[in-house]
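Written below as structure tokens is the structure these notes are about.
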Amino acid sequence: MSITVRPLTPDFVAEISGVDLAQPLGTIDRDAIEDAINRYAVVVFHGQNLNDDQQLAFARHFGPIATSAQKARHQDIKHRIASPEVADISNLDGDGNILQPGSRRRLDWLANRLWHTDASFRAVPGALSMLYAHVVPDEGGETEFADLRAAYDALPDKTKAAIESLVAEHSIWHSRGQLAVTQYTPQELASLPPVPQRLVRRHPGSGRKTLYIASHASHILGMPIADGRLLLMDLIEHATKPPFVHAHTWRQGDLVIWDNRCTMHRARPFDTTKVRDLRRVTTRDIASTLEQAA
Ligand code: OGA
Ligand code: MN
């Protein structure tokens, strides 16, 4: 059986059916999925039944796997999922209990509510994120996605010219700081120093130009901090206007893949006394955006 790709809009978000992701993936299906990601940037599979190893095996078809920054930083706490390649995007602690309101992992996890793109604070950032839903609440907890290619295309030519060669500084501590989460040790701070990333990049799989912005982006190199920050705020506001945004309402068994190189995403609120158990595997980009063709 071959896969079916059903676009939700002409260029953004498609549902893919006719493939069991727990089974070994054939080349034809792999390539069709990659083509769909290159075109639609977000793809959704329903009704999957994956354990962590199967989710990882599927992801490995699309590139080397990024290791979780979370586990590297929180070596002192018990993790529910041991593998550094599987990020725990749940509201559960190492014993499977709902996280306490003030717990460190919960405060870190809340930063997913800010518009961001995964691991832009690493020199070699994230490429494809694959998030799989084990348990979802009855209401709320959607994930929203913003199409940064369409947002770029819609900018006035003058703005495009002005931002063309700008470089932003990204830091995980900047996004955490927006939520007043700042209690990190000097070792933690040193483990993830700020990195430069292009503000405008070309998506290799589609050839389309795209913004590359996120809650991690703090300011623009060579510009007063305030000016750069305001520019980033304006661009994020522009890119998250309704025509560029799609909300995914989760069902158990959904696997959603998004391309971090040309989208932003954020989690929406839900009753956090209920369980929401999602797990993410992310492939690594090939290099820093500064080393990639603009
Ligand atoms: C992520 C993320 C959003 C969500 O997994 O990287 O930001 O809705 N998730 O859980
Ligand atoms: Mn994320």
Side-chain angles (χ1 to χ4, degrees), residues 13 37 41-45 50 52 55-56 58-59 62 65-73 79-81 83-92 98-99 105-122 125-148 170-172 174-176 178-179 181 192 197 212-217 236 239-240 245-272 274-285:
V13 190
I37 296 167
V42 177
V43 300
V44 177
F45 303 81
L50 300 173
D52 293 349
Q55 186 178 350
L56 262 173
F58 170 73
F62 298 90
I65 308 301
T67 51
S68 147
Q70 199 185 61
K71 273 168 207 149
R73 277 187 289 121
H79 292 284
R80 201 168 58 100
I81 304 168
S83 167
E85 297 176 314
V86 179
D88 188 352
I89 312 295
S90 75
N91 58 337
L92 302 173
I98 294 200
L99 290 166
R105 215 182 72 72
R106 181 170 183 277
L107 293 174
D108 251 356
W109 166 77
L110 281 177
N112 283 347
R113 294 269 307 278
L114 303 172
W115 281 112
H116 68 283
T117 187
D118 292 332
S120 68
F121 50 82
R122 293 183 147 188
L128 304 178
S129 282
M130 310 192 179
L131 186 61
Y132 177 66
H134 287 259
V135 181
V136 294
D138 292 338
E139 53 180 343
E142 300 84 2
T143 306
E144 291 182 343
F145 296 95
D147 183 351
L148 298 184
H170 290 239
S171 165
I172 190 169
H174 176 67
S175 49
R176 299 305 184 262
Q178 290 175 50
L179 299 180
V181 178
L192 287 169
Q197 302 287 6
Y212 191 59
I213 47 180
S215 58
H216 311 303
I236 291 178
T240 54
V245 173
H246 167 79
H248 177 72
T249 301
W250 289 95
R251 290 185 240 159
Q252 182 177 347
D254 284 352
L255 180 95
V256 177
I257 305 179
W258 63 85
D259 193 327
N260 288 294
R261 298 167 294 189
C262 58
T263 60
M264 281 192 294
H265 59 281
R266 67 170 178 180
R268 299 304 291 149
F270 67 102
D271 175 356
T272 56
K274 304 273 174 7
V275 175
R276 183 176 186 264
D277 181 359
L278 289 86
R279 303 176 192 204
R280 170 162 63 73
V281 177
T282 297
T283 66
R284 241 183 307 124
D285 207 339

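Atoms within a ligand are numbered from 1 in the order they appear, just like the ligands themselves. Just the heavy atoms: all of them, side chains too, but no hydrogens, waters or symmetry mates, feed the values below.
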Restricting to N, O or S, what is the name of the atom of Asp118 that lies nearest the Mn ion (ligand 2)?
OD1

For ligand 1, list the protein residues that place a heavy atom within a distance below 4.0 Å of one of its atoms, sorted by chain and number.
Ile89, Asn112, His116, Asp118, Leu131, Thr143, Trp258, His265, Ala267, Arg276, Arg280

For the pair Phe145 and His246, name the ring-plane relationship: parallel under 30°, tilted 30 to 60°, perpendicular over 60°.
parallel

Under 3.5 Å, is there a donor-acceptor pair between the side chain of Asn91 and the main chain of Val275?
no

Does the His216 side chain pair with the main chain of Ala214, one donor and one acceptor, at a distance under 3.5 Å?
no

From the list Thr143, Asn112, Asp118, side-chain hydrogen bond (donor to acceptor under 3.5 Å, both in side chains) partner of His265 resolves to Asp118

I'd like to know if the side chain of Gln197 and the backbone of His170 have a donor-acceptor N/O pair within less than 3.5 Å.
no

Would you indicate whether the side-chain heavy atoms of Asp52 and Tyr132 approach each other to under 4.5 Å?
no

